[in-house]
Engineer: 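Can you read through this structure? Questions will come right after.
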Amino acid sequence: GGIWDYIPLNKITDLTLRNVDGNLLSLSIQLPNEAHLEFLYQASAKEELNELITQFKERTALTSQGSADVFRHNKNR
């Protein structure tokens, strides 16, 4: 189970990852008009988060505007 948020990929302008307090990572999802969402993860998730960012950049380079593709985020991670 869990609660999932869906964000259309064509609404995401960038994903960034930064360290917070040594053992946490912050994933920031930039949206249009300077809006953003931020999610905290354990530092042990760094490899998976970097893979997510790489896949996002590859996928958005291939998709056209108006795509129905979405970014899914499980709040229980």
Engineer: Answer whether the closest heavy-atom distance between the side chains of Leu31 and Thr13 falls below 4.5 Å.
Structural biologist: no
Engineer: With a 4.5 Å heavy-atom cut-off, do Val20 and Leu25 have their side chains touching?
Structural biologist: no
Engineer: Side-chain contact test, heavy atoms from C-beta onward, threshold under 4.5 Å: evaluate it for Thr16 versus Gln30 and give yes or no.
Structural biologist: yes
Engineer: Hey, what do you get for CD (Glu51) to CD1 (Ile53), rounding to the nearest 0.5 Å?
Structural biologist: 11.0 Å
Engineer: Do you know which two heavy atoms are closest between Ala43 and Gly22, and how far apart they sit?
Structural biologist: CB-O, 4.2 Å
Engineer: Got Lys57 and Asp14 here, is their nearest side-chain heavy-atom distance under 4.5 Å?
Structural biologist: yes
Engineer: Would you check if Leu52 and Leu27 make a side-chain contact, meaning some heavy-atom pair closer than 4.5 Å?
Structural biologist: yes
Engineer: So Ser28 and Glu38, side-chain hydrogen bond (donor to acceptor under 3.5 Å, both in side chains) or not? Walk me through it.
Structural biologist: CA-CA 4 Å; Ser28 182; Glu38 197 163 330; 4.8 Å; no
Engineer: Between CG of Leu49 and CZ of Phe56, what distance do you get to the nearest 0.5 Å?
Structural biologist: 14.0 Å
Engineer: For the residue pair Tyr41 and Leu24, establish whether any side-chain heavy-atom pair is separated by less than 4.5 Å.
Structural biologist: no
Engineer: To the nearest 0.5 Å, how far apart are CG in Leu17 and CG in Asn50?
Structural biologist: 5.5 Å
Engineer: Heavy-atom count around Asp21 CG within 6.0 Å, excluding the residue itself: above 12?
Structural biologist: no
